[in-house]
Amino acid sequence: MPVHDFKSQRLFVDAPMASGAAVELDRGQAHYLISVLRMKDGAGIRVFNGRDGEWQAVLSMTGRKSGALQLVEQTRPQPPAADLVYCFAPLKQARLDYMVQKAVEMGAGALQPVLTQYTQNQRINLERMRANAIEAAEQCSILSVPECREAVPLDALLSGWEKDRALIVADEAAEENNPLAPLARLRGRPLGLLIGPEGGFSGSERETIAAMAQAVTISLGPRILRADTAAVAALTVLQAACGDW
Ligand code: SAH
C-alpha cells in the first residue's frame with residue numbers, strides 16, 4: 001500500500017477544492033481546529049471533500065475563534081468509490097455507530113440500512129450515520145465517504161436489487177461453513193453484502209433470499225456472532241476473497 005502522511009490531521013470540508021481557493025470554516029470546524037487541536041495561524045492540515053482528492057491546506061485565522069483554510073496543493077487524487085453496497089439492519093445506537101465506522105474502514109462504498117422482520121431499531125438517524133462515516137474517513141485516510149442511503153424494507157431492497165450485482169448474505173443457518181469458495185467465484189463482480197439484525201432473518205426472509213439469482217449465502221463459522229462483529233468478519237473475508245485487497 002502506498003505510504004501517505006497519516007500523522008497530519010485530516011478534516012472533511014464540504015466545499016469545492018482547487019489551488020489557491022479559500023474555504024471558510026463553520027463554527028464546529030473552527031472550534032475543532034482552534035480550540036480542540038489548538039492549531040495556530042499558518043498551521044497545516046489535510047482536507048478532503050469526498051470528490052476532489054486530498055489537499056494540503058493552511059489555517060488562516062480571521063478572529064479569535066474563526067478562520068479559513070487556504071488550499072495549497074493536491075496531495076492525493078480522488079480514488080474511484082468502492083463498488084460495494086453494505087446493507088444492514090439498524091442496531092441500537094452505540095453498536096450502530098461502531099458498525100458504520102467499521103464498515104467505512106473496511107471499504108464499504110454505500111451504506112444501506114434495511115428494515116427486516118426482526119429489526120428492533122426501526123428508526124435510523126441519517127445525519128448521525130453520515131457524521132460517523134465522515135469521522136471514520138477522516139481517521140483512516142479514506143477519501144471517498146460512502147453514500148448514506150435512506151432505510152428501505154428488505155423486500156423492496158431484494159426486489160429492486162441490480163441484476164448483475166451479487167448479494168452476499170451472511171446467515172448463521174448457511175449449510176457450508178467455509179465462505180471462501182463461494183466468495184472466490186464472485187471476483188470482478190459488483191458486490192453487495194447483507195447482515196441481519198440481532199434477531200436474525202425470519203423463515204420467509206430466508207426463502208425470498210434463497211430464490212434470488214444474485215444471492216450468495218455465506219457462513220461466518222460455527223459460532224453465532226453479534227451483528228456488529230459479523231459485519232467486520234464478513235467484510236474481511238469478502239475483501240480478501242473477492243474485494244479490493
Ligand atoms: N438471531 C440469531 C443470530 C443473529 S446474529 C440467533 O440468535 O440465533 C445477527 C446477524 O449476524 C445474522 O443475521 C447474520 O447476518 C450475521 N451472523 C452472525 N453469526 C453468523 C455466522 N456464524 N455466519 C453467518 N452470519 C452470521
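Atoms within each ligand, like the ligands themselves, are counted from 1 in listed order.
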R46 and E54: CA distance, side-chain angles, deciding distance, salt bridge (Lys or Arg N to Asp or Glu O under 4.0 Å) verdict: CA-CA 7 Å; R46 301 280 165 110; E54 181 191 67; 3.4 Å; yes
Sequence-distant partners of E105, side chain to side chain donor-acceptor pair (under 3.5 Å), two or more places apart: K102
Gap between atom CD of Q239 and atom CG of L191 - 0.5 Å precision: 8.0 Å
Interatomic spacing from CD1 in I124 to CE in M129 - rounded to 0.5 Å: 5.0 Å
Residues in the immediate environment of ligand 1 (any heavy atom closer than 4.0 angstrom): A170, D171, E172, I195, G196, P197, E198, G199, G200, F201, I218, S219, L220, G221, R223, I224, L225, A227, A230
Listed partners of N49 passing side chain to side chain contact (heavy atoms under 4.5 Å, CB included), at least two apart: M17, R51, D52
Other cluster members, V72 - Ile/Leu/Val/Met/Phe/Trp/Tyr, side-chain contacts below 4.5 Å: V58
